[in-house]
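This report concerns only the one structure given below.
Please read all numbers here as calculations on a predicted model, not as lab measurements. Quick note on labels: first sequence line is chain A, next is B, and so on, each numbered from 1.
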Number of protein chains: 2
Amino acid sequence: MLFHFKDKFPQLTPYWDKYLEFQKRVEVTAKTVLLGEGKISGHYIFVEKGCLRAAFNNNGNDKTVQFFFEKDGLTSFESFLKNTPSLFTIETIEPSIIYLLPKTHVNNLMAELSREPDFLNIILEVSAERQLHYMHEFVSFIRDTPEQRYQNLLNEKPHIIQRVPQHYIASYLGISRVHLSRIKSSLARKK
Amino acid sequence: MLFHFKDKFPQLTPYWDKYLEFQKRVEVTAKTVLLGEGKISGHYIFVEKGCLRAAFNNNGNDKTVQFFFEKDGLTSFESFLKNTPSLFTIETIEPSIIYLLPKTHVNNLMAELSREPDFLNIILEVSAERQLHYMHEFVSFIRDTPEQRYQNLLNEKPHIIQRVPQHYIASYLGISRVHLSRIKSSLARKK
DNA sequence: CGCATTCGGTAACATTTGTTATCGCTTGTA
DNA sequence: TACAAGCGATAACAAATGTTACCGAATGCG
């Protein structure tokens, strides 16, 4: 779940701030697991500083699903919503500063927010955005070659490529580390 | 946008029925285009009988994104929401009976629905479902081989494989028609 | 009926991608 | 400092997948 509540919906700032006191600030090293695959998500996670990824283990192969950076908020959506074991591990890539808001408070916050007249529209907008995000990823797999997918990432989200170790990006693109390396050198040759 | 309003949320039936009179019933042959790629979506589409697909043209290659059957409701979500050109064509696969509800009425219906106390939760549930649908498709591309994706489809949505021409399924799986044919005969040999 | 069109199977060959192994560079740490 | 571990480039080979072409069956239509 990817919210940018404060920046995108300033009218909600008072709500958000009210729950600041319930957030637990933690500083963690790189590769710290914030939520293990199979565990039930119990917090909303807000990235103050650093960089995280959501990933899962597939027969010993580590597969990255998404990256998160400063000001991103997230949970393992399905797990958080339905109280089911998380399909993903959430772990830091860099040393990071994280705020954790326990689920009970998230629920209270939601209940309060639902009285805000704009809330329905905000929810619709946020939901639509997330839906379109995954839809575009999905369509890209049907439509594009791995090389094109890498170029798209380079054009649309260069910060990911700059900040994230390459083998994570390879698994995110659905290809092997070796092949991503080949794609890069092939693109360098073309120029 | 995939709603099963009537079946899943019986409390909304009166609203739905009230707008029945504004729906236009059409009977169309196979391969009828209901919404062209690049056009702006102006209707909510409900499938009474038959089978549709959403697809797009990629350098002359036809790529299928999703299939729809009886009781599915749909629009080109992004186009409908933002009044932007649709990324997808929506067309019939079989001769079909379709109900079309013009956008203005959809908006009115939404406005009325938003007064229903359950509506926020319903919207959340529907949105979450759709988000998870696309997320699972996306994860499947990262995780699974084409052969596994075909088997998943066979296990989870056999009606698609039974009803839809094979070359549409191939493009939906992100592979060539020839390769899907290979996968099928390889699976047949294994058994 | 006869014909064109659509659809799916198969083969041969080309290209892409994965796997394994090796190397060098960097970084963290004992 | 020295050593191990992580990371990325590259090569050689294997496997997966795409492309093109051809065939035959089914279907729709004159």
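Taking atom OH of residue B/Tyr150 and atom P of nucleotide D/dT17, one finds them 15 Å apart after rounding to whole Å. Rounded to an integer number of Å, the gap from CG of A/Leu173 to C1' of C/dG18 is 15 Å. At whole-Å resolution of the value, CZ in A/Arg149 and P in C/dT17 are 12 Å apart. Put simply, CD on A/Gln148 is 10 Å from P on C/dT17, counting in whole angstrom units. B/Ile161 places its CD1 atom 17 Å from the C1' atom of C/dC7, with the value rounded to the nearest Å. As rounded to whole Å, 11 Å separates atom P of C/dG9 from atom CD1 of B/Ile169. Between the CZ atom of B/Arg177 and the P atom of D/dA21 there is a distance of 13 Å, rounded to whole Å. Following rounding to the nearest Å, A/Glu94 (CD) and C/dT27 (P) show an atom-to-atom distance of 14 Å.
Nucleic acid contact class of A/Ser185 (heavy atoms, under 4.0 Å, all strands): sugar-phosphate only. A/Ile175 comes within 4.0 angstrom of the backbone, heavy atoms only, and of no base.
Ion pair A/Glu94/A/Lys49 not flagged as a salt bridge, since none of the NZ, NE, NH1 or NH2 atoms sits closer than 4.0 Å to an Asp/Glu carboxylate oxygen.
Nearest nucleotide to the side chain of B/Pro165, out of C/dT6, D/dG18, C/dG8: C/dG8. Closest contact between the side chain of A/Val178 and the listed nucleotides C/dT10, D/dG18, D/dA11 involves D/dA11.
For A/His167, a side-chain nitrogen or oxygen approaches OP1 or OP2 of D/dG8 to under 4.0 Å. Side-chain nitrogen and oxygen atoms of A/Gln166 include none within less than 4.0 Å of the OP1 or OP2 phosphate oxygen of D/dG6. Within the structure, a side-chain polar atom (N or O) of B/Lys184 is placed less than 4.0 Å from OP1 or OP2 of C/dG9.
Connection of B/Tyr168 to B/Leu154 is established within a shared hydrophobic cluster, with ILVMFWY side chains joined at heavy-atom distances below 4.5 Å, either directly or through further cluster members. In the hydrophobic cluster analysis, where Ile, Leu, Val, Met, Phe, Trp and Tyr join through side-chain heavy atoms closer than 4.5 angstrom, A/Ile161 is grouped together with A/Phe67.
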* To do: Would you please test B/Asp144 and A/Lys63 for salt bridge (charged side-chain N to carboxylate O under 4.0 Å, His left out) and show each step?
  => CA-CA 11 Å; B/Asp144 301 328; A/Lys63 303 280 185 178; over 6 Å; no
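For the pair B/Gln148 (side chain) and B/Thr145 (backbone), a donor-acceptor distance under 3.5 Å is present.
A donor-acceptor contact under 3.5 Å is formed by the side chain of A/Arg182 with the base of C/dG18.
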